[in-house]
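Below, each value reflects all heavy atoms present in this structure, side chains not excepted, and no hydrogens, waters or symmetry copies. Please read all numbers here as calculations on a predicted model, not as lab measurements.
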Number of protein chains: 2
Amino acid sequence: MNDRADKKAARATADQVAREANVSRVAVSRAFNPNASLKPEKRDRILKVARELNYTPDMAARSLVTGRSHLVGMIVPDVCSPWESQEIDALTTALQAEGFATLLFKVKADFSMDPRLLTYMRGFNPDSVIAFTENILPDVLCGFLDRAVPIYVIYDDVAQFAGAASGTLYDRLLVRQKNGIEQAVALLQGYGARRIAYLGGKAQSLANAERERTLKETLAERGMDAPIVLPGDYTYDTAYQATLDLFRIGEGADAIFAANDVGAFGAIDALRHELGLSVPDDVKVVGFDDIPQSHWKSYNLTTVRIDLEERVRALVRLILMRLRAPDAEPLTETLNTRLIVRGTVG
Amino acid sequence: MNDRADKKAARATADQVAREANVSRVAVSRAFNPNASLKPEKRDRILKVARELNYTPDMAARSLVTGRSHLVGMIVPDVCSPWESQEIDALTTALQAEGFATLLFKVKADFSMDPRLLTYMRGFNPDSVIAFTENILPDVLCGFLDRAVPIYVIYDDVAQFAGAASGTLYDRLLVRQKNGIEQAVALLQGYGARRIAYLGGKAQSLANAERERTLKETLAERGMDAPIVLPGDYTYDTAYQATLDLFRIGEGADAIFAANDVGAFGAIDALRHELGLSVPDDVKVVGFDDIPQSHWKSYNLTTVRIDLEERVRALVRLILMRLRAPDAEPLTETLNTRLIVRGTVG
DNA sequence: ATCAAGAATGAACACGCTTTCATTTTTGTC
DNA sequence: GACAAAAATGAAAGCGTGTTCATTCTTGAT
């Protein structure tokens, strides 16, 4: 209790360090800014005293005068989803190394965006915001954030955004889904699959829409029938049930293309453990994402990979570029996808 | 580009709102603080103008004067781990509802704590910090943070901490592992298991040490042999390999008790897909945590549950208590565990 | 109508820091 | 050793907000 009070008082300020080291407070500030000109020995002495006093510059105060919070906001609907948690993990690591901290905001699972959340986030004045088109449209976000520049992860065809976002500035990460889907369809066709079902993700998800569109296009190009489209929401349970329905109520299929890996797991388990079918002998399954769980032996999933490292590297590049040159022209990074062949098609 | 400059200038301040609404700046401040006394109609007018100007109080400035940042730091080694991501997700949601934002910090996977990271975090002045004993010892953290109060998840026997942490103040969340482990052992014994292997987690992990200790104690109490202890690190791959070694090089076992669910998955896959053994007929498997994946049909894991909702509710309660009454006596919340019976023992 | 008590108000200060800017000291050059 | 250029220094001015504190305006009871 007294202990506590002491601790409370112990929070050192630049003034205290200055007094203790017999320098001006300005010198202390400079000691912590590598670019400022300060006699090396003086800097060393200040840093030594600072260490003794357990002093750290207050980011809030610094942010107030510099206008840079060193915070990067991340808007996510579900931290538990393997896909998103990978993103958060890798980005946080990379940004941390560059001196930025991750500020996490959760939106509702149905992707609806609470305007109060945006206001709330604005208050923290993040230097940048990472969002997914799934969660919030560019215009809405751009309208809310002023200093910060949103970065968008979008999928393939940006045409649908061109109109909505005209005049607004944001950087983009494009994922070209065509390659991977093309390879997957070729493989399926090679193994004789004819009736293909598409196990969709969330209806509002643009990634899902784009995957469905690309799949249809690819099947058509190869002279194959249009896919049976099953509604989904990216979750295991829904995928499981949809697969049961497809085979019990519907007409079945000889291949299932899932909008994400977790959905593919649900489909595989329904086929094997409830329908008594073999994967890949009776039904072939392809996923999308290539999350770590996909190589687990129980699934051993053939899936379209969006390379995590590439993805994060591109995102970090965009963010840092924007932070260093806030007025630069909007940038677009493009990523390719490719098929990882494992054991669920064969 | 001009667009950008405009936006930059557009960031409204309380002064601007005051001028626009013909009131003093103090009134604007009060309008955003529900407890401050302000004529209702005046408040309404101010809030209306504020909305028009897209004004949000600057948290940094506010933090500077109030001393509360409305940030809660979270120190995690791996966002992707189902266990931790559940924690992050639920806590972020709960704290967000209370007006706090989550500040995420990643530590190295080997649980080593970079002192620079702590300094860095200190700079953001979090109102509270949530950490796990696995990652950093209480004393170290307490020594670094002043105003913020760390919260720990520790396991069962706190005696080992009593010495180290004497004199320092921190709130604790205790998990009583005995109940769940007791139930699991009873079940295993009932099905005739005799040679039990413990598939450990990270060596530095105190949760792991405590689980191993409790298992040994429980087996002894029931007159059963001591377990074969396999080294692990909470990952699927290591668990997979350890299980192979146990049966190929070692003497095998008729039951495997894993330190966490993901490890149990690795064990199950090694048994079924590489060793050709049946789970639960040949070997029974019990996990620990009860993550969402554990009910997936491919695993359908019998496991010791630490209830997520209870856990998060207790944590949030502790944090909010501490934020409201920083000088209150340290509090301890206790959680129980219980066995969830599914299909890997029987 | 009067008065005390409470609500409403705004001026001034404080929070901890970075950034001019004008001044002093050091460095490099002939 | 003298001079210009560069580096080093500290005083003062803010950054945008919440909080005294002394003052004015309402309210309600007499």
**Asked** Would you say Thr92(A) and Leu104(B) make side-chain contact, with heavy atoms under 4.5 Å?
**Response** yes
**Message:** If you define the side chain from C-beta out and look only at heavy atoms, does anything of Leu64(A) sit under 4.5 Å from Leu64(B)?
**Reply:** yes
**Asked** In whole angstroms, how far is the C1' atom of dG10(C) from the CG atom of Asn22(B)?
**Response** 14 Å
**Request:** Mind calculating the distance between CD1 (Ile46(B)) and C1' (dA8(C)) to the nearest angstrom?
**Result:** 12 Å
**Asked** Between His70(B) (side chain) and Ala101(B) (backbone), is there a donor-acceptor pair under 3.5 Å?
**Response** no
**Asked** So, Arg43(B) side chain and Arg30(B) main chain: donor-acceptor pair closer than 3.5 Å or not?
**Response** yes
**Message:** If the condition is ring-ring contact (aromatic ring centres under 6.0 Å, His included), which residues does Tyr120(A) pass it with, not counting sequence neighbours?
**Reply:** Phe105(A), Phe124(A)
**Message:** For Ser85(B) versus Val79(A), what's the shortest heavy-atom pair and its separation?
**Reply:** CB-O, 3.7 Å
**Fill in**
Expected string for nucleotides 14-27 of chain C under the B/S/- scheme (protein heavy atoms, under 4.0 Å, primed atoms plus P, OP1, OP2 as sugar-phosphate) is -BBBBB--------
**Item:** Basic-acidic side-chain contact under 4.0 Å: Arg313(B), Glu333(B)
**Value:** no
**Electrostatic pair Glu41(B):Arg45(B) at N-O distance under 4.0 angstrom** = no
**Item:** Covered region of DNA chain D, 5' end to 3' end, by chain A [heavy atoms, under 4.0 Å]
**Value:** dA8(D) to dG16(D)
